[in-house]
Asks: 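Before I ask anything, here is the structure I am working with.
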Amino acid sequence: MHDLRAIRENPDLFDRGLALRGLDPRSAVLLDLDLRRRAAQTAFQEMQARRNEASKLIGQYKREGKDAQAILDEVASLKERIPATEEEEKRLGAELDALLAALPNIPAADVPAGKDERDNVEIRRVGTPPVIAAPKQHFELGEALGLMRADLGAKLSGARFTVLRGQLARLERAIGDFMLDTHTREFGYEEVSPPLLVKDEAAFGTAQLPKFAEDLFQTTNGYWLIPTAEVPLTNLVADSILDAEELPLRLTARTPCFRSEAGSAGRDTRGMIRQHQFYKVELVSITTPDQSLAEHERMTEAAETILKRLGLPFRTVTLCSGDMGFSARKTYDIEVWLPGQDTYREISSCSNCGDFQARRMKARFRAKGDKTTQFVHTLNGSGVAVGRCLIAVLENYQQADGSILIPDVLKPYMNGLERIAAHG
RNA sequence: GGAGAGGUGGCGGAGUGGUCGAACGCGUCGGUCUCGAAAACCGAAGUACCCGCAAGGGUACCGUGGGUUCGAAUCCCACCCUCUCCGCCA
């Protein structure tokens, strides 16, 4: 959600920001509505002030036994005019809110301008893709092992569901455990076990609603299945005023994520790249405004550390203005090397949302000794997607015989297992 | 699911329909006192929005939304949530 005052002060800056997203200017429409809304509010409040004053007089007159009829009449006529003004104020306010709620965050100044993913800027590349003769894709490997079963997923639930069995199921758990341990022990994140079903307010707070309802699953009684733990973790601080000393607040959770994948029909249909349900370890930081830039780098480093430790080659890119998500001011995507696809694929996305989400969910903080409150900054990042990480391990650690070596850091989590083979 | 109780400021807890943004206590902050601290005493202190260069003024908020009234924390209606007991259940 945007700060109307900031738009008022610098409408051009706002419109330029929207333009970077490929959107038409809106400041003129917003400011016109804003002006009319405030005028209505002022008129409404002045009438109420007069009404309150008169009502006090009436009470006084009655106590003193005086005749209050004249004031009573005045209030009566006032009351006829109040509802229309109030109505006007509400209507304009709702209209303004609806417009505002559907506008994405403005890109940070150092975000590269661009249209789509082709304009993203690679900022580093870590690790060397392994040399593999005729590399297989993850689903070929998994199916050959008999431990990755698209057929069973389809039987139970349809397309975009997969059943993992045996050591692959174990590997998935091990990967998530390893990530959580690393983030909690080394990066100071607090582990959280949040609800996976949330109500409208929470989905609005992180801006899945109102614009992206079609990307979510909803229960028959109105709950939304979380598409990422960003939703419950960030909304933990909704409607609150934190002490500055508590910040930054760092939270992590491994949760299933549910996504309808509306609009991605036909894309990544084979294998586990794009599923309706997958596990992800999420990182969320709540910071003061002056902490968020450094925190963004720190968070990205935490996510990268996972891939480094797993020995997975990756590259990090800064998303261009046109490719960023709705809430983000700036986003780093981490893309892991997939030998089977002979390309880098997104495995993490770390975003600084500034105060955009905080405004929506009214998450504020107060500096020590300070009288006024400020909105916090919120950041979120995958640390990292467990399902895609499993894929990356399979493809990067595949052997000529179709077996999979276990990365060293995961062995303790696999009871010392060295490799996953067809009948091991 | 059945029965009951309740939702007031950071917390606890008052509040005859009018002077209540809200007593009182605790906690918090500033000050006095002290070598320092404690105690004591004095004082400050909700959130958001609107008008205003400012000083300052105004409006709203006592779970949420409606209603009654000149006037609602107080009355009425609906909903939400919490707690207790019973039943059922992972």
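Computed from a prediction, not measured in an experiment: that's the story for all the values here. Throughout, a chain's letter reflects where its sequence line sits, starting with A, and its residues are numbered from 1.
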Asks: Which one is paired to B:G7, where only Watson-Crick or G-U wobble pairs with both distances under 3.5 angstrom count?
Replies: B:C80
Asks: In whole angstrom, what separates A:Leu242's CG from B:G10's C1'?
Replies: 13 Å
Asks: In this structure, how many angstroms lie between the P atom of B:G58 and the CD1 atom of A:Ile82, rounded?
Replies: 17 Å
Asks: How long is the line joining CE of A:Met47 and C1' of B:C51, in whole Å?
Replies: 15 Å
Asks: Residues from residues 3-11 of chain A sitting under 4.0 Å of RNA chain B, heavy atoms only?
Replies: A:Arg5, A:Arg8
Asks: Check this for me: does any side-chain nitrogen of one of A:Arg38 and A:Asp34 sit under 4.0 Å from a carboxylate oxygen of the other?
Replies: yes
Asks: Take atom CG of A:Asp243 and atom P of B:G46, then tell me their distance rounded to the nearest Å.
Replies: 16 Å
Asks: Does the side chain of A:Thr252 pick up a donor-acceptor pair with the side chain of A:Glu282 at under 3.5 Å?
Replies: no
Asks: If we call it a pair only when both distances are under 3.5 Å in a Watson-Crick or G-U wobble match, what pairs with B:G52?
Replies: none
Asks: Take atom C1' in B:G17 and the same atom in B:A55, then report the distance between them in whole Å.
Replies: 36 Å
Asks: Figure out the CD/P separation between A:Gln41 and B:U59, and round it to whole Å.
Replies: 12 Å
Asks: Taking any strand in view, what nucleotide pairs with B:G1 in a Watson-Crick or G-U wobble way, both distances under 3.5 Å?
Replies: B:C86
Asks: Answer yes if the side chains of A:Ser264 and A:Glu261 hold a donor-acceptor pair under 3.5 Å, and no otherwise.
Replies: yes
Asks: What is the pairing partner of B:C61, taking Watson-Crick or G-U wobble pairs with both distances under 3.5 Å in any strand?
Replies: B:G46
Asks: Under 4.0 Å between a side-chain N/O of A:Arg366 and OP1 or OP2 of B:U47, yes or no?
Replies: yes
Asks: How close or far is atom P of B:C49 from atom CG of A:Leu100, stated in whole angstroms?
Replies: 13 Å
Asks: Aromatic ring centroids of A:Phe356 and A:Phe375 under 6.0 Å?
Replies: no
Asks: With rounding to whole Å, what would you report as the distance between B:A78 and B:G25 at their C1' atoms?
Replies: 36 Å
Asks: It should be established whether A:Thr373 places a side-chain nitrogen or oxygen under 4.0 Å from OP1 or OP2 of nucleotide B:A48.
Replies: yes
Asks: Between A:Glu230 and A:Gln357, is there a side-chain donor-acceptor contact under 3.5 Å, judged purely by atom types and distance?
Replies: yes
Asks: Parallel, tilted or perpendicular for A:His296 and A:Tyr332, by the 30°/60° rule?
Replies: parallel
Asks: In whole angstrom, give me the gap between the P atoms of B:U16 and B:U68.
Replies: 24 Å
Asks: Look at A:Asp408 together with A:Arg309 and state whether they make a salt bridge at an N to O cut-off of under 4.0 Å.
Replies: no
Asks: Closest nucleotide of RNA chain B for A:Gln45 versus for A:Thr42: which of these residues is on the 5' side?
Replies: A:Thr42
Asks: Just how far, in rounded Å, is P of B:G57 from CD of A:Glu53?
Replies: 14 Å
Asks: Report the distance from atom CD of A:Gln48 to atom P of B:C51, rounded to the nearest whole Å.
Replies: 15 Å
Asks: Let me spell it out: for each of A:Arg50 and A:Ile241, pick the nucleotide of RNA chain B with the closest heavy atom. Which residue's pick is nearer the 5' end?
Replies: A:Ile241
Asks: Both distances below 3.5 Å, Watson-Crick or wobble geometry, any strand: find the nucleotide opposite B:C70.
Replies: B:G18
Asks: Go ahead and name the base partner of B:C35; Watson-Crick or wobble counts if both distances stay under 3.5 Å, otherwise write none.
Replies: none
Asks: Return yes if some donor-acceptor pair links the side-chain N/O of A:Asn235 with the main-chain N/O of A:Ala202 below 3.5 Å, else return no.
Replies: yes
Asks: Determine, for A:Phe204 and A:Arg360, whether the Lys NZ or Arg CZ falls below 6.0 Å from the six-membered ring centre while staying within 45 degrees of the axis.
Replies: yes
Asks: Please write out each protein N/O paired with an N/O of nucleotides 64-71 of chain B under 3.5 Å, distance rounded to 0.1 Å.
Replies:
unit_1: B:G66; atom_1: OP1; unit_2: A:Lys90; atom_2: NZ; d: 3.2
unit_1: B:C70; atom_1: O2'; unit_2: A:Ser55; atom_2: OG; d: 3.0
unit_1: B:C70; atom_1: N4; unit_2: A:Lys62; atom_2: NZ; d: 3.4
unit_1: B:G71; atom_1: OP1; unit_2: A:Lys79; atom_2: NZ; d: 3.1
unit_1: B:G71; atom_1: OP2; unit_2: A:Lys79; atom_2: NZ; d: 3.3
unit_1: B:G71; atom_1: O4'; unit_2: A:Ser55; atom_2: OG; d: 3.1

Asks: Is it the case that atom NZ in A:Lys199 sees more than 12 heavy atoms from other parts of the structure closer than 6.0 Å?
Replies: no
